[in-house]
*Asks:* 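Quick one: structure below, then a few questions.
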Amino acid sequence: MTTLTPDRSARTQDGVSRTTIRLVPDPAGDRARIRLATDSHPKCPVLRPMLLDTVGSRARVSLVPEGAMLLADDHIDLDIEVGTGTRLEIVEPAGTVAYDMRGRYATWDVRLHLGSGASLVWAGEPLVASAGADVRRSMSIVLAPDARLALRETLVLGRYGEWPGRVRQRTRVHHVGGAPVLVEDLDLDPVSAPALIGRHRVVSTVLLLAPPDEVPIEAARHDRFDLETGGILWRRLGTDVHATVDSGCWAAVR
Amino acid sequence: MTDSRRTIHRDLVLMLLADARLPVAGHTQSATLEPALRAGLGPADVPGFVATRLRTVTRVEAATAVVALHHLRRGLDLSAVEAAWSARTTSPAMRATSRSQARALLRLVSRLWPGTEALRAVSSSTTPCRAVVLAATAASLDLEATALARLIGYDDVQTVCSAALKLLPLDPADVTGWVASALPAVDALADEVAHLTRPDDVPASGAPQIEAWAQAHVHTTRRLFSA
């Protein structure tokens, strides 16, 4: 594969590529209004939200990367609001490869806000951290206790047969009002990864936060971590993506 | 009672609490070493396993205890501390283990030092975690935050290493050498967390492999240690 690396020398160090998705109920009827926006420097890659379809209070959006990513000094910022009673589904056309950053780093920050009765299904595709990549990811989620979130994430440390890159992942999930649901920092690099994830290079997770009556008790009993405040994290460690990602589990909760 | 308690030197209190002969069922714990060995870890990996725990799950526990101690000394509500710990302890098996150890410890210390305010505050919580009960013990016996964090770090190292002696054919002197080698890391951990006061400050250093082993251990019928 040949990749043309865009020249990003002209832009400032803190040039952030912002993507905003807001799905809000329309007070006039039972439809929802969606607002999709991006704000970025022309030389920077950005995640372009493409509306796939919308029916009533539901919308499907694809996050399409525009420009090569993820490279050193890329700063991707996603702000997603799913308003009261609305339903949003996010898909990604492909996974993301973070390339060798030669001592520099990239950031990938996501903020999610789910209002009362809102639902978000986000089928995340793998993030592959090549040798030499340094990605600082954060996922901050605030949701109403009766909101529903199904989130799939797959982290791959190194392309096949390669040393792991570095991924610093910060996860903060709180209920509206501040009660913590899931708080976790993972700092994975060639030195820490063997200690933290053993002899594996793939971390596949499905997070389901939902009212108790919506939790499929029988779905995927293995690799299951029932959280203290309700909700379930399925996390599987493996060596190959296809064998690690539990498609049955995702199908049951999405 | 109050006067006799004042006369006990803090060092002696710490020795008592760190002693494996304390009847709190410490011998039933391997600190996840048993499932780790079943999953393929060997004797040479044990010191690294100890170090990983000190950087992750034990760091969370020690920091939780320090923050709980601060809350107890100021009469603040403990529920936010407990919530911070449980949101950082993804494995339900590890949360259950901590709470059952907490029950045994609370039973013992409430009998030894009845009537202390900190122990009463913790007893009113339905299911305190071990870090919170240790903090109440420290508050009752006037231990400093650094000493409390050292106690938790040291206890974890000893739990792994003494379990290793039962699970692997090892020379006890070698294993004691591993404990001694881990002491600087215990000390560093204590220094790092001793000043923490807010539940949000508690580090969230996850250890997915250790958490997965802890879960797997619940479902096995062939085990020597309960966790």
Side-chain angles (χ1 to χ4, degrees), chain A residues 138-142 153-155 157 167-175 177-189 191-207 209 220-239 244, chain B residues 32 35-42 45-57 59-60 63-64 79-96 98-99 127 129 198-216 218-220:
Chain A
S138 74
M139 173 70 81
S140 304
I141 304 172
V142 175
E153 289 185 297
T154 306
L155 197 57
L157 293 181
V167 179
R168 282 173 261 193
Q169 183 160 284
R170 189 186 144 91
T171 305
R172 297 288 179 273
V173 185
H174 290 85
H175 279 143
V181 175
L182 174 61
V183 179
E184 185 181 71
D185 293 338
L186 285 179
D187 189 347
L188 298 167
D189 61 40
V191 176
S192 70
L196 295 178
I197 60 170
R199 295 158 187 154
H200 304 108
R201 57 185 271 274
V202 181
V203 183
S204 163
T205 61
V206 169
L207 176 64
L209 300 173
R221 292 174 191 225
H222 297 287
D223 320 300
R224 171 179 168 153
F225 298 82
D226 288 55
L227 303 178
E228 178 82 358
T229 52
I232 302 171
L233 175 76
W234 284 271
R235 174 146 61 196
R236 201 186 260 195
L237 306 174
T239 49
T244 309
Chain B
T32 345
L37 296 176
R38 198 186 306 113
L41 245 61
D45 302 316
V46 177
F49 180 78
V50 165
T52 301
R53 287 187 59 90
L54 287 174
R55 275 196 301 270
T56 57
V57 290
R59 185 162 163 247
V60 173
T64 303
S79 60
V81 184
E82 189 82 29
W85 171 80
S86 52
R88 287 160 175 75
T89 308
T90 13
S91 157
M94 289 168 79
R95 293 198 302 272
S98 171
R99 285 172 174 146
T127 52
C129 65
R198 298 182 318 127
D200 283 352
D201 294 338
V202 175
S205 35
Q209 180 65 87
I210 289 177
E211 289 152 16
W213 284 332
Q215 289 306 113
V218 175
H219 301 294
T220 181

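Order of the sequence lines fixes the chain letters, A, B, ..., with proteins taken first and strands second; residue numbering starts at 1 for each chain. Every value quoted in this text rests on a predicted model; they were computed, and no experiment measured them.
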*Asks:* Rounded to the nearest 0.5 Å, what separates atom CD1 in Ile197(A) from atom CD1 in Ile210(B)?
*Replies:*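 Separation between the atoms: 12.5 Å.
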*Asks:* For Leu196(A), is it the side chain, the backbone, both or neither that has a heavy atom under 4.5 Å from a heavy atom of chain B?
*Replies:*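 Backbone plus side chain of Leu196(A), per the 4.5 Å heavy-atom cut-off to chain B.
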*Asks:* How close do Ala83(B) and Pro180(A) get, heavy atom to heavy atom, and via which atoms?
*Replies:*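 Looks like O-CG, 3.7 Å.
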*Asks:* Tell me the closest heavy-atom pair linking Gln209(B) and Gly198(A), and the distance in Å.
*Replies:*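 Distance-wise, the nearest heavy atoms are OE1-CA, 3.7 Å.
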*Asks:* Do you know which of Ser79(B), Ala51(B), Gly40(B), Ala39(B) has the most heavy-atom pairs under 4.5 Å to chain A?
*Replies:*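 Among the listed options, the one with the most contacts to chain A is Gly40(B).
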*Asks:* Find the distance between CZ (Arg172(A)) and CG (Asp200(B)) and round it off to the nearest 0.5 Å.
*Replies:*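 The distance works out to 8.5 Å.
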*Asks:* Considering only heavy atoms, which portion of Ala195(A) lies under 4.5 Å from any heavy atom of chain B: side chain, backbone, both, or neither?
*Replies:*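 Both backbone and side chain of Ala195(A) come within 4.5 Å of chain B.
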*Asks:* Which one wins on heavy-atom pair count under 4.5 Å against chain A: Glu211(B), His219(B), Arg55(B), Arg95(B)?
*Replies:*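 Between Glu211(B), His219(B), Arg55(B), Arg95(B), the count favours Arg95(B).
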*Asks:* Enter the distance from Ile232(A):CD1 to Thr90(B):OG1 here, rounded to the nearest 0.5 Å.
*Replies:*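 The OG1 atom of Thr90(B) is 14.0 Å from CD1 of Ile232(A), to the nearest 0.5 Å.
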*Asks:* Is any side-chain heavy atom of Arg235(A) closer than 4.5 Å to one of Gln215(B)?
*Replies:*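 Contact flag for Gln215(B)/Arg235(A) side chains = no.
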*Asks:* Answer with side chain, backbone, both or neither: which region of Leu186(A) has an atom nearer than 4.5 Å to a non-hydrogen atom of chain B?
*Replies:*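 For Leu186(A), the side chain is the part near chain B, not the backbone.
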*Asks:* Which bit of Leu233(A) comes within less than 4.5 Å of chain B, counting heavy atoms only: side chain, backbone, both or neither?
*Replies:*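 Only the side chain of Leu233(A) comes within 4.5 Å of chain B.
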